[in-house]
Amino acid sequence: MKNRIIIALMMILFVGGITSGQLTSQTTIKGPVTLSNKEQMEPNEEFDAKIDKFYQVLLTAKENYLEEIDTDLLVTEAIKAALEKLDPHSIYLPPQKLQAENERFAGSFEGIGIQFQVIEDTINIISAISGGPSEKLGITSGDKIVQIDGRSAIKLDNDTIQSLLRGKKGTVVNVKILRSGENELLSFDIVRDKIPLYSVDASFMIDGTDIGYVSINRFMQTTHKEFLDSMKKLSDLGMKKLILDLRGNPGGYLNQAFLLADEFIKNGKTIVYTKGRKPSFDEFYYSRPGGMYENLPVIVLIDAGSASASEIMAGAIQDLDRGLIDGVTSFGKGLVQRQYDLPDKSGFRITIAQYFTPSGRNIQRPYKDKEKYRNMEGWLELKDGKNINHALEEAKISNLDSMPPIFKTSGGRNVLGGGGITPDYVVKYDTITKLSRNIRSKNLYF
């Protein structure tokens with residue numbers, strides 16, 4: 001037991017901790033990897049004394065506290081508290097969350113194949129995933145799951161619902177569904193299967209033009225392949241220009257952003273580079289010959305939800321004058337995380353480096369005050385219209401602590417550093433009325 005606790009405490013003091021920030025799922029991960037003996041701390045008397053101090057507190061509490069304590073809970077909370085002292089993107093992932101995150105970026109999971117939302121305590125099916133087991137049985141949008149394996153499904157939280165519906169391929173789960181127009185509950189025995197996840201949301205030709213459109217919702221293991229498949233279909237339809245939509249894309253794998261950018265950029269250019277405290281985390285990513293779309297005109301759409309790997313892609317296109325960026329300033333996450341898996345199937349991500357665009361920009365917003373960071377303070381808001389030369393007098397900078405630094409693109413244009421990727425053409429979302437906001441907040445459209 002003592003060895004287990006000491007190992008856990010070494011994890012706490014080596015990595016430090018978590019955030020509950022709204023965009024923690026946007027982390028750029030370069031793992032997952034398992035912590036090796038070589039990566040655990042070199043012998044150090046001062047460090048060992050700190051571990052022993054924490055161990056003595058935990059051991060004393062375990063042996064002498066008024067009530068029996070859950071040491072696993074205390075260790076977990078200590079890890080979270082330690083990570084909280086770091087940046088907003090260094091986080092602890094309990095086993096269920098880690099599994100969900102790994103599935104999210106792997107490109108598939110095993111389950112019944114539905115998208116759902118809990119509305120007024122009831123599981124409402126948004127859609128059955130195409131080709132999945134639920135769709136094959138005729139389960140459809142608007143159905144409400146009220147029982148799972150004989151257990152009431154009312155008032156369950158999302159984590160519990162997922163744990164009940166997901167499972168190994170070939171296993172069976174029974175759900176009872178309330179369907180509009182049916183007097184009795186419908187019973188379905190669903191055989192779980194492997195469910196594909198797609199990062200390319202949509203790809204099509206804009207009517208009456210030679211312009212193709214591709215929307216990517218995140219950068220996962222299959223993104224580059226999905227993108228090439230979509231682009232081939234569009235090319236066969238006569239595409240001569242491209243709109244690449246990265247709005248709301250929170251990021252993902254750095255290497256997938258590199259591979260995507262490499263398709264558009266001629267050989268020998270720096271696409272992105274990273275720098276960390278340890279030289280082993282310093283990496284340069286250069287474009288290679290043979291990109292399939294090096295001469296294709298491209299516009300990239302971004303917004304405040306575009307982060308991390310999305311900003312790497314947009315920054316490379318902008319800095320190398322390869323295309324134009326439209327929309328509003330991106331989120332501003334210039335940090336790189338590595339994921340480490342722990343023996344109890346939990347894990348953590350810690351920031352190991354920061355990344356820079358080809359011009360040398362690090363677009364990370366200040367994060368020392370995490371609450372301000374989550375509330376988008378330090379984010380550069382620009383006026384609507386053309387912003388080709390990124391003139392500072394056109395920016396609203398009242399929410400910034402200092403003037404943003406100016407960098408140069410390969411063609412000599414000004415671009416702004418800090419606070420995200422600023423667009424070349426600023427196109428803001430249309431405003432909506434208070435009534436419309438209230439209707440949306442109450443899910444009445446659904």
So, taking the atom named [atom1] in [X] and the one named [atom2] in [Y], what distance separates them when rounded to the nearest 0.5 Å?
X: Leu254; Y: Tyr355; atom1: CG; atom2: OH; value: 8.5 Å
X: Ile145; Y: Phe188; atom1: CD1; atom2: CZ; value: 10.0 Å
X: Ser127; Y: Gln117; atom1: OG; atom2: CD; value: 11.5 Å
X: Asp157; Y: Thr160; atom1: CG; atom2: OG1; value: 3.5 Å
X: Arg288; Y: Ile265; atom1: CZ; atom2: CD1; value: 11.5 Å
X: Glu135; Y: Ile195; atom1: CD; atom2: CD1; value: 10.0 Å

### Message
Can you confirm whether Lys333 sits close enough to Glu311 that some side-chain heavy atom of one is under 4.5 Å from a side-chain heavy atom of the other?
### Response
yes
#### Entry: Non-hydrogen side-chain atoms of Val172 and Arg192 separated by less than 4.5 Å
no
[X]: partners by side chain to side chain contact (heavy atoms under 4.5 Å, CB included), with sequence neighbours left out:
X: Asp303; value: Arg247, Ser306, Val328, Tyr429
X: Phe407; value: Ser359, Arg361, Pro405, Val415
X: Gln99; value: Glu103
X: Glu294; value: Lys266

### Message
Could you work out, with salt bridge (charged side-chain N to carboxylate O under 4.0 Å, His left out) as the rule, every residue matching Arg413, not counting sequence neighbours?
### Response
Asp321, Asp424
### Summary
salt bridge (charged side-chain N to carboxylate O under 4.0 Å, His left out) filter on Asp326, not counting sequence neighbours, yields none
Any sub-3.5 Å donor-acceptor pair from [X]'s side-chain atoms to [Y]'s backbone N or O?
X: Thr329; Y: Leu380; result: yes
X: Asn375; Y: Glu371; result: yes
X: Ser330; Y: Ile421; result: yes
X: Trp379; Y: Ala304; result: no

### Query
Angle class for the Phe264/Tyr293 ring planes (parallel below 30°, perpendicular above 60°, tilted otherwise)?
tilted
### Query
So Phe348 and Tyr340, would you call those rings parallel, tilted or perpendicular, with 30° and 60° as cut-offs?
parallel
### Message
Under the criterion side-chain contact (heavy atoms from CB on, under 4.5 Å), I'd like the reasoning laid out for Met313 against Val272: C-alpha separation, chi angles, the key distance, then a yes or no.
### Response
CA-CA 9 Å; Met313 176 73 191; Val272 64; over 6 Å; no
### Message
Quick check on the 6.0 Å ring-centre criterion: do Phe105 and Tyr253 meet it?
### Response
yes
### Tyr373 and His89 aromatic centres sub-6.0 Å
yes
### Task
Report the C-alpha distance between Tyr92 and Ser346 in whole Å, list the side-chain angles of each, state the deciding distance to 0.1 Å, and finish with yes or no for side-chain hydrogen bond (donor to acceptor under 3.5 Å, both in side chains).
CA-CA 8 Å; Tyr92 173 74; Ser346 66; 3.3 Å; yes
### Query
Hey, mind stepping through Asp384 and Lys428 against salt bridge (Lys or Arg N to Asp or Glu O under 4.0 Å) and telling me if it holds?
CA-CA 7 Å; Asp384 274 303; Lys428 296 186 178 181; 5.1 Å; no
Is a side-chain donor-acceptor pair under 3.5 Å present for [Y] with [X]?
X: Asp87; Y: Ser90; value: yes
X: Thr223; Y: Gln256; value: no
X: Ser203; Y: Tyr213; value: no
X: Asn249; Y: Asn217; value: no
X: Asp319; Y: Thr357; value: yes

### Task
Applying salt bridge (Lys or Arg N to Asp or Glu O under 4.0 Å) between Asp229 and each of Lys225, Lys233, Lys232, report the one that passes.
Lys225
### Message
Applying side-chain contact (heavy atoms from CB on, under 4.5 Å) to Arg365 and Phe331, what does each step give before you reach the verdict?
### Response
CA-CA 8 Å; Arg365 286 187 293 113; Phe331 179 78; 3.1 Å; yes
### Electrostatic pair Arg349-Glu101, nearest N-O below 4.0 angstrom
yes
